[in-house]
Amino acid sequence: MPELAEVEFFRRQWNPGHGQRVLSVETHPRARVFRDTPADAVATALTGRVFRESQAGAKQLLFRFDGPVWLGLHLGMSGELAARSPDYPAGKHDHLVVRTKSAALVFRDPRMFGRVQLQAGETPPPWWTRLAPPILSPAFTVEAVAEFLERRQGAPIKAVLLMQERFPGIGNWMADEILWRAAIHPQQPAGTLRPAAVRGLWRECRRVCRLALATIAGRTEADTPPSLNIRIPDAWLFNHRWRDGGRCPRTGRPLVRAEVGGRTTCWSPARQKRR
DNA sequence: GTGCTTGTTGGCCA
DNA sequence: GTGGCCAACAAGCA
């Protein structure tokens, strides 16, 4: 599930652990999320450390503990973070539980496409520093987008929007939302967008990121069970895209779903035409 | 049982 | 070497 704003939402779920010492770490050592880093190494590295801060970038999370030791989490398709009471018993899909005096910090991931990474030392891990500049940062320019689209000119624009090396944090639903707002057909080859369309795409990338963060990231867990149930304004494509017979909130015309770039894609033919 | 799923990776091929 | 496509990973849900 998690795309940019949901990742930020989950980052905040571990905030109750800030400034707290790790008393113990529980894992499911054979879970696939530990394919890069053995679970016992994570447990050894974190136990006794104080949790200091966290950051979200693209679809990844980075937690810094005293040492320093860095814990990296990718939430994959179904990863979720939560803070529970200290005596919370780990469930079937709770692959990592970090226990402090006042909270159990839980990483749950039924499908296990997520991953856990570990790094010791003063500097953040290389995979973190290599992340593309955030879409809401000044480094995300129209020129950078135009250049990237030129290089991927043959690929459908929908597939290009999913490439984290330029559009960090964009996932399937955000890509559809952006293209719908920018009135661009998902199948259109990236290299065929006119300069005005590229600028529109750039603008909507930033707008959707801003709106998503404002709408999703700050919610409390109580009114946000699984992220699918987040209440999103009906003016967004989001609320209509998975329903059969869904209609475009702007034109009232029927929406269409089909596979584009290997992913299920929803668009409004009345609004998004190939040019 | 079937057929989906908001992500990423590596292998294949042009 | 680069770009584009696809299967695979795994579990839950309708």
Side-chain angles (χ1 to χ4, degrees), chain A residues 1-11 28 30-36 56-61 72-81 91-95 107-117 127-128 130-132 135 147-180 186-192 205 208-209 211-213 215-217 219 224-232 236-246 255 257-267:
Chain A
M1 315 190 173
E3 303 180 22
L4 182 96
E6 292 135 303
V7 173
E8 171 60 19
F9 167 80
F10 286 126
R11 182 190 71 79
H28 290 160
R30 282 178 306 282
R32 193 166 175 268
V33 297
F34 292 108
R35 58 196 176 283
D36 296 330
K59 294 172 184 164
Q60 329 233 21
L61 291 163
L73 294 181
H74 194 298
L75 300 180
M77 218 56 143
S78 57
E80 296 181 1
L81 300 190
K92 182 179 174 191
H93 301 298
D94 299 332
H95 306 304
F107 169 44
R108 175 178 187 275
D109 184 9
R111 292 176 71 183
M112 294 191 284
F113 288 2
R115 64 178 67 219
V116 178
Q117 288 169 295
W127 58 261
W128 177 263
R130 278 198 304 263
L131 290 179
I135 288 173
E147 186 196 6
F148 191 73
L149 265 49
E150 187 55 35
R151 195 145 56 83
R152 304 293 187 150
Q153 52 181 294
I157 185 64
K158 165 67 185 277
V160 174
L161 271 182
L162 293 175
M163 294 177 181
Q164 302 298 298
E165 59 198 282
R166 179 44 68 196
F167 302 99
I170 301 299
N172 205 28
W173 79 254
M174 289 183 81
D176 286 358
E177 189 77 32
I178 289 164
L179 291 173
W180 174 71
Q187 292 268 23
Q188 185 161 343
T192 65
C205 282
V208 168
C209 284
L211 288 171
L213 284 168
T215 308
I216 295 169
R219 288 187 175 270
T224 315
S227 14
L228 256 181
N229 298 335
I230 291 170
R231 287 190 301 278
I232 298 285
W236 294 30
L237 177 64
F238 185 93
N239 276 355
H240 312 268
R241 58 186 312 243
W242 298 120
R243 260 205 317 272
D244 285 337
L255 295 168
R257 268 184 316 220
E259 191 158 298
V260 178
R263 307 299 300 280
T264 300
T265 299
C266 177
W267 72 96

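Per chain, numbering begins at 1; letters A, B, ... match sequence-line order. The model shown is predicted, which means the values in this text are computed figures rather than measured ones.
Both cation-pi conditions hold for A/Arg111 and A/Phe113: the charged atom is under 6.0 angstrom from the six-membered ring centre and inside a 45 degree cone around its axis.
Within 4.0 Å (heavy atoms only), A/Pro189 reaches no atom of the nucleic acid at all. As judged by a 4.0 angstrom heavy-atom cut-off over every strand, A/Gly262 is placed among residues making no nucleic acid contact.
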- Dot-bracket line, read 5' to 3' along DNA chain B, where crossing pairs take [ ] and | marks a partner on another strand, Watson-Crick or G-U under 3.5 Å: .||||.||||||||

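Rounded to the nearest 0.5 angstrom, A/Arg11 CZ and A/Glu8 CD are separated by 4.0 Å. Rounded to the nearest 0.5 Å, atoms CG (A/Leu179) and SG (A/Cys205) are 8.0 Å apart. Taking CG of A/Leu255 as the start and NE2 of A/His240 as the end, the distance is 8.0 Å to the nearest 0.5 Å.
Using a 30° and 60° split on the angle between ring planes, A/Phe107 and A/His95 fall in the perpendicular class, above 60°.
Under the 4.5 Å side-chain criterion, counting only non-hydrogen atoms from C-beta, A/Pro168 is in contact with A/Ile135. Two residues are said to be in side-chain contact when any heavy atoms from C-beta on lie closer than 4.5 Å; A/Val7 and A/Gln60 fail this criterion. Within the 4.5 Å cutoff, the side chain of A/Gln187 has no heavy atoms near those of the A/Lys158 side chain. When side chains are defined from C-beta on, A/Ile178 does not count as touching A/Phe167, because their heavy atoms never get closer than 4.5 Å.
Note: CG (A/Asp176) to P (B/dG7) measures 10 Å, nearest angstrom. For the pair A/Phe148 CZ and C/dT2 P, the computed distance is 13 Å after rounding to whole Å. One can place CH2 of A/Trp127 at 18 Å from P of B/dG7, the figure rounded to the nearest angstrom. C/dG3 atom P lies 10 Å from atom CD of A/Gln153, rounded to whole Å. Spacing between atom CE of A/Met112 and atom C1' of C/dA10 amounts to 6 Å, rounded to whole angstrom units. In this structure, the CZ atom of A/Arg152 is 11 Å from the P atom of C/dC5, given to the nearest Å. Spacing between atom CZ of A/Arg111 and atom P of C/dG12 amounts to 10 Å, rounded to whole angstrom units. A/Arg35 has its CZ atom 11 Å from the C1' atom of C/dA10, to the nearest Å.
Of the candidate nucleotides B/dG7, C/dC5, C/dA11, C/dA11 has the atom nearest to the side chain of A/Pro110.
Taking atom P in both C/dA7 and B/dG3, the straight-line distance is 15 Å, to the nearest Å. To the nearest whole angstrom, the two P atoms, one in C/dC6 and one in B/dC4, are 16 Å apart.
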Can you tabulate the close N/O pairs, meaning under 3.5 Å, that link protein atoms to atoms of nucleotides 8-10 of chain B?
unit_1	atom_1	unit_2	atom_2	d
B/dT8	OP1	A/His74	NE2	2.9
B/dT8	OP2	A/Lys59	NZ	2.9

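Along DNA chain C, the nucleotide nearest to A/Arg151 and the one nearest to A/His93 differ in position, and the one closer to the 5' end is contacted by A/Arg151.
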